[in-house]
K.L.:
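Let me begin by handing over the structure; questions about it come next.
This is a predicted model, so every value here is computed, not measured. Scope of the values below: all heavy atoms of this structure, side chains included, with no hydrogens, waters or symmetry mates. Throughout, protein chains are lettered first and strands after them, A, B, ... in sequence-line order, and every chain is numbered starting at 1.
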There are 2 protein chains.
Amino acid sequence: MEFLNDMALFVEVVKAKSFRGAADIIGMPNSTLSRRISALEKMIGLRLLHRTTRKIRLTEAGQIYYERCKRIVDEAKLAHEQLGEMLAQPSGILRASLPVDFAVTYMTPLIAEFARLYPSIVFDFDLTSRRIDLMSEPFDVAIRIGELENSQLIARPLAVLPVYLYASSRYLERSGEPAEPADLAHHECLGLMKTSEWTLHDGVHTTKVSIGSRFTLNSVRMICRLAALDMGIIMMLEKIVADDLASGRLRRVLPQWHGTPVPVYAVTETRLLPAKTQHFIKFLQEHLSKV
Amino acid sequence: MEFLNDMALFVEVVKAKSFRGAADIIGMPNSTLSRRISALEKMIGLRLLHRTTRKIRLTEAGQIYYERCKRIVDEAKLAHEQLGEMLAQPSGILRASLPVDFAVTYMTPLIAEFARLYPSIVFDFDLTSRRIDLMSEPFDVAIRIGELENSQLIARPLAVLPVYLYASSRYLERSGEPAEPADLAHHECLGLMKTSEWTLHDGVHTTKVSIGSRFTLNSVRMICRLAALDMGIIMMLEKIVADDLASGRLRRVLPQWHGTPVPVYAVTETRLLPAKTQHFIKFLQEHLSKV
DNA sequence: TATGATTGCTCCATTAATGGAGCAATGAAT
DNA sequence: ATTCATTGCTCCATTAATGGAGCAATCATA
């Protein structure tokens, strides 16, 4: 059951009506070709080609075999062309895992635009706050915010987005407006999960502040709501708090300082990606960096 | 264009839903299988299987590819089964080159019987006195009388037939009856082509006699006719002269002596023979030795 | 929760396939 | 008739594929 390749070689030889000719076409030394065809004949137990030193002619068996082989090889080529189209023509279902709040705010308009560009792609998004296991779950791609843990996964950077500090006016009135990063140590700093310190930059200096909070939670949206309800200071991506900022529910704290810009990655389980995934990632790379 | 085999492996893996399982079925170490599938994916540029350490699942591309591959591999198997039938089920055209006089006398009844046994075989016989070049002419088999020259051809012995000396009574009356082999030197000895000596045996002794003749010719039939017309002594296969013997046109000379038995061979260009040829040679082997 | 069996993958000594050069045989052209 | 280019095949040093053992990860079972 290891003769399929030799069938393809046989087809080439018959087409070229010559071993050397076929070898040149395939790009293979004629010695190999000759041996491979002989091996094929030996395995079948029948002579396929009648060879003179100058000519080759199909035997009766060879004639029959050639007809079959040609069909098979052509079909194989077709199958691969079809796969090639999957690489070239984006289509199919794109399954992606997205960080819920980031996706809602930053990605929704991009996804809408992408969907308009590629009408053949159907989408299956899983918006979640957990980092799903790409190895075991059938996602084509996952978007990850922040630095990545080590893994076998392939990560492609999409953008690096700035983060700033925000709080409600009422909170600041009540707890006092921080004048420098160190002041944050005495504030309620609402971080995601169990964040223990924030790193701040002012363009020249970098400083780290230990932070504490009564809340441990994994919802960006809820952190923002808490901040809007005067519960503390948050470090957040710009667009997430755009509405709260516009309505005055939140305003920037330490405006000359900003947090370490957050990298956004597209993570896949393999580099061998269908066109839909490739285009999706490329699109995000091109557009996310501009927002 | 060297991926056909891997397609077959891929089909097995999908069928077995496991690399190790498929490897066992194929009889191949799983390491090889794993590498081959990976190579296939790399060459296509798409992941076909979604692997966990415990399970594999087809990707979208893999699903499509599998459908195609399965058809292709099945067709290939079918093509080989069909060839296998050519090996098992004798049919098709049997092209044979036969020595004309030997064929007429010895082979005709056998051929008739063989044709009855295998109704699917059609025959194309070339009766000739020359030894055709099997390498360049499209014969499945050639029957050769006498020792063979060295060549790349494959020879299978069919029979070893006795030859005796014959002449017409009139010739013997005129030229005298030889009493011992040496007497032949003074007789007209009609050999095929330019035969220069005859070897004779009496069961105990072997002796060689130089012979001469005014005739050089390549027709066994004509030599017999010449002998019947009192032109000399011939050394001939029994059956060829059976009629002449029965009608009294010829009778044995030196009846206690006989020539070196003549081997009969079936010669083919290759050992990879279709069933029709294999059966034909086997049939001749079994029946020619009995005549 | 802990254990054991099983999965697919990786490492590296062994084995098999490869491919360049040379060969005799052939056929076209002189 | 003779030359010369070309054919398919064979030889053997080089290269690539193979396959057994071990690995971490995983799932079923207790």
K.L.:
From C:dA21, C:dG8, D:dG19, pick the nucleotide closest to the side chain of A:N30?
P.N.:
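Nearest nucleotide to the side chain: C:dA21.
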K.L.:
Testing the basics here: between A:A155 and A:L148, what is the closest heavy-atom pair and its distance to 0.1 Å?
P.N.:
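Taking A:A155 first and A:L148 second, the nearest heavy atoms are CB-CD1, 3.2 Å.
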K.L.:
Rounded off to whole Å, could you give me the CG-to-P distance for the B:D24 and D:dG20 pair?
P.N.:
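Value for this atom pair: 11 Å.
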K.L.:
Quick one: A:K42 NZ to C:dA17 P, roughly how many Å, whole number?
P.N.:
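Computing the A:K42:NZ to C:dA17:P distance gives 11 Å.
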K.L.:
Can you tell me the distance, in whole Å, between the CE atom of A:M43 and the C1' atom of C:dA16?
P.N.:
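One finds 16 Å between C1' of C:dA16 and CE of A:M43, rounded.
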K.L.:
Check if the side chain of B:R35 and the base of D:dG19 share a donor-acceptor pair of N or O atoms closer than 3.5 Å.
P.N.:
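Yes, the side chain and the base share a sub-3.5 Å donor-acceptor pair.
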K.L.:
When you check the phosphate oxygens OP1 and OP2 of C:dA25, does a side-chain N or O of A:R51 lie under 4.0 Å from one of them?
P.N.:
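The answer is no; no side-chain N or O of A:R51 sits under 4.0 Å from OP1 or OP2.
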K.L.:
Pick the closest DNA chain D nucleotide for B:G27 and for A:F19 by heavy atoms, then say which residue is nearer the 5' end.
P.N.:
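The residue whose closest nucleotide sits nearer the 5' end is A:F19.
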K.L.:
If you take atom types as modelled and just measure distance, does the side chain of B:R20 reach the base of C:dG8 with a donor-acceptor pair under 3.5 Å?
P.N.:
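Side chain to base: pair found, below 3.5 Å.
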K.L.:
With a 4.0 Å cutoff (strictly under), does any side-chain N or O of A:S34 reach OP1 or OP2 of D:dC9?
P.N.:
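Answer is yes, contact under 4.0 Å.
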K.L.:
Among C:dT26, D:dG20, C:dG8, which nucleotide sits nearest the side chain of B:S31?
P.N.:
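Among the listed nucleotides, the one closest to the side chain of B:S31 is D:dG20.
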K.L.:
Which sits closer to the 5' end of DNA chain D, A:K17 or B:T32, going by the nucleotide each is nearest to?
P.N.:
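Nearest nucleotide further toward 5': that of A:K17.
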K.L.:
Restricting to non-hydrogen atoms, name the atom on A:A16 and the atom on A:A22 that form the minimum distance, rounded to 0.1 Å.
P.N.:
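Looking at all heavy atoms of both residues, the shortest contact is CB-N, 3.5 Å.
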K.L.:
Base, sugar-phosphate or nothing for B:S18? Non-hydrogen atoms, less than 4.0 Å.
P.N.:
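Result for B:S18 = sugar-phosphate.
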K.L.:
Minimum heavy-atom separation for B:Q278 and B:L87, please, with both atom names.
P.N.:
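What the structure gives for the nearest pair is NE2-CD2, 3.8 Å.
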K.L.:
Would you mind reading off the distance between B:H50 atom NE2 and C:dT7 atom P, rounded to a whole angstrom?
P.N.:
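Roughly 20 Å, once rounded to whole Å.
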K.L.:
Could you tell me if A:R68 and B:Q82 have a donor-acceptor pair between their side chains, going purely by distance under 3.5 Å?
P.N.:
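The answer is yes; a qualifying pair exists.
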K.L.:
Rounded to the nearest Å, what distance is computed from the CG atom of residue A:N5 to the P atom of nucleotide C:dA17?
P.N.:
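Those two atoms, CG and P, are 13 Å apart.
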K.L.:
Please report the distance, rounded to the nearest Å, between CE in A:M28 and P in D:dG8.
P.N.:
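After rounding, the reported distance stands at 15 Å.
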K.L.:
Could you state the NZ-P distance from B:K55 to D:dT26, rounded to the nearest angstrom?
P.N.:
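After rounding, the gap between these two atoms is 13 Å.
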K.L.:
Kindly say whether the aromatic ring centers of A:F114 and A:H279 come within a distance under 6.0 Å.
P.N.:
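A:F114 vs A:H279: aromatic centres not under 6.0 Å.
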K.L.:
Tell me the interatomic distance from B:R36, atom CZ, to C:dC9, atom P, rounded to whole angstroms.
P.N.:
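So the two atoms are 15 Å apart, to the nearest Å.
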